[in-house]
Amino acid sequence: MDKLIKYFEKPGNENTDDLINLVKERLVDSDIKYVAIASVSGETALKLFKALEDVGINDKITIVNVTHHAGFKEKNKLEISSKTRKKLEEKGIITFAGSHAFSGVGRGISNKFGGVTPVEIISETFRMFSQGIKVCGEISIMLADAGLIPVEEKILAIGGRANGADSAAIITPANMTNVFDMRIHEIIAMPID
Ligand SMILES: Cc1cc2nc3c(=O)[nH]c(=O)nc-3n(C[C@H](O)[C@H](O)[C@H](O)COP(=O)(O)O)c2cc1C
């Protein structure tokens, strides 16, 4: 089987529109039913919805969004506005906020005492591909644990470098208790740098 991977020259937000186009092309005529996206502000999730709407497949696919956990940037604050969250909900897109699977309490331990926890090693191993591919793996666990996407079924996951999207993969998610059951079947796009 031959498949094409798109390699962006540089990571980051500038690749968002191209990435969304590639995802749209990959989803048309596919049997993927769920798309997991990391969109802290919700803006990239809105762009994704519009792209799927343009080709009339938005009602066949459930998009689930993940934002940073409260307190990631500022105490007691989520980084998505209630206005954008509502706008997404009106389009059927749930936004999940919870502990990040690849840092979690372990980050609190290494922040206080130094060193590294095993889960942070998993995280850095994913980052050998790209920040975005690490995010794809991480949000697939978070959403599976929240019961918002299935395990044992291929989904499409989207992540990026701080803002926007530059990486996408087809993944069979796993719950955190069986993390090594996760399968990464295809990389659709990632930055080459
Ligand atoms: C749970 C979570 C973890 C993330 N981890 C990283 C990360 O490790 N490295 C990184 O560059 N971006 C990370 N991001 C950012 C995303 O990959 C993506 O670029 C961002 O959510 C897009 O948000 P926007 O739609 O507001 O631009 C993370 C986002 C979320 C929601």
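On a predicted model such as this, the values are computed, not experimentally measured, just so you know.
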Check whether [X] reaches the backbone of [Y] with its side chain - one donor and one acceptor, N or O, closer than 3.5 Å.
X: T84; Y: I80; result: no
X: S110; Y: G106; result: yes
X: T16; Y: A165; result: yes
X: R85; Y: T95; result: yes
X: E138; Y: F102; result: yes
X: S140; Y: P173; result: no
X: D145; Y: M176; result: yes

Hydrophobic cluster membership, with links at side-chain heavy-atom distances under 4.5 Å among I/L/V/M/F/W/Y: are [X] and [Y] in one?
X: L48; Y: I32; value: yes
X: I155; Y: V135; value: yes
X: I192; Y: F8; value: no
X: I61; Y: Y34; value: no
X: V28; Y: L22; value: yes

Minimum heavy-atom distance [X]-[Y], with the two atoms named:
X: I139; Y: A38; result: CD1-N, 3.5 Å
X: L78; Y: H68; result: CD2-O, 3.7 Å
X: L46; Y: K87; result: CD1-CD, 3.9 Å
X: A45; Y: L88; result: CB-CD2, 3.8 Å
X: F129; Y: I187; result: CD2-CD1, 4.0 Å
X: V119; Y: S103; result: CG1-O, 3.9 Å

Quick one: are [X] and [Y] in side-chain contact, heavy atoms under 4.5 Å?
X: S130; Y: P11; value: no
X: H185; Y: I171; value: no
X: F49; Y: I63; value: yes
X: K154; Y: R183; value: no
X: T44; Y: I20; value: yes
X: I158; Y: V35; value: yes
X: I94; Y: N65; value: no
X: P191; Y: Y7; value: no

Quick one: list whatever passes side chain to side chain donor-acceptor pair (under 3.5 Å) with T117, sequence neighbours left out. E120
How long is the span from the CG atom in N58 to the CG atom in L52, to the nearest 0.5 Å? 7.0 Å
SG of C136 to CE of M182: how many Å apart, nearest 0.5 Å? 10.0 Å
Ion pair present between [X] and [Y], side-chain N to carboxylate O less than 4.0 angstrom?
X: E53; Y: K50; answer: no
X: K10; Y: E14; answer: no
X: K47; Y: E43; answer: no
X: E186; Y: R26; answer: yes

Within a 6.0 Å radius of atom [atom1] on [X], are there more than 12 heavy atoms belonging to other residues, nucleotides or ligands?
X: K24; atom1: NZ; answer: yes
X: D29; atom1: CG; answer: no
X: E90; atom1: CD; answer: yes
X: D31; atom1: CG; answer: no

Anything under 30° is parallel, anything over 60° is perpendicular, the rest tilted; go ahead and classify F72 against H69. perpendicular
For V66 and L143: C-alpha separation, side-chain torsions, deciding distance, then whether side-chain contact (heavy atoms from CB on, under 4.5 Å) applies. CA-CA 8 Å; V66 184; L143 293 178; 3.6 Å; yes
Run the numbers on K60 and K33 for side-chain contact (heavy atoms from CB on, under 4.5 Å), then give the verdict. CA-CA 7 Å; K60 280 193 275 172; K33 295 196 279 293; over 6 Å; no
Stepwise, does the side-chain contact (heavy atoms from CB on, under 4.5 Å) test hold for V179 with I141? CA-CA 8 Å; V179 62; I141 298 167; 3.7 Å; yes
With side-chain contact (heavy atoms from CB on, under 4.5 Å) as the criterion, how do I133 and R127 come out once you've worked through the C-alpha distance, each side chain's angles and the decisive distance to 0.1 Å? CA-CA 7 Å; I133 292 295; R127 285 194 173 109; over 6 Å; no
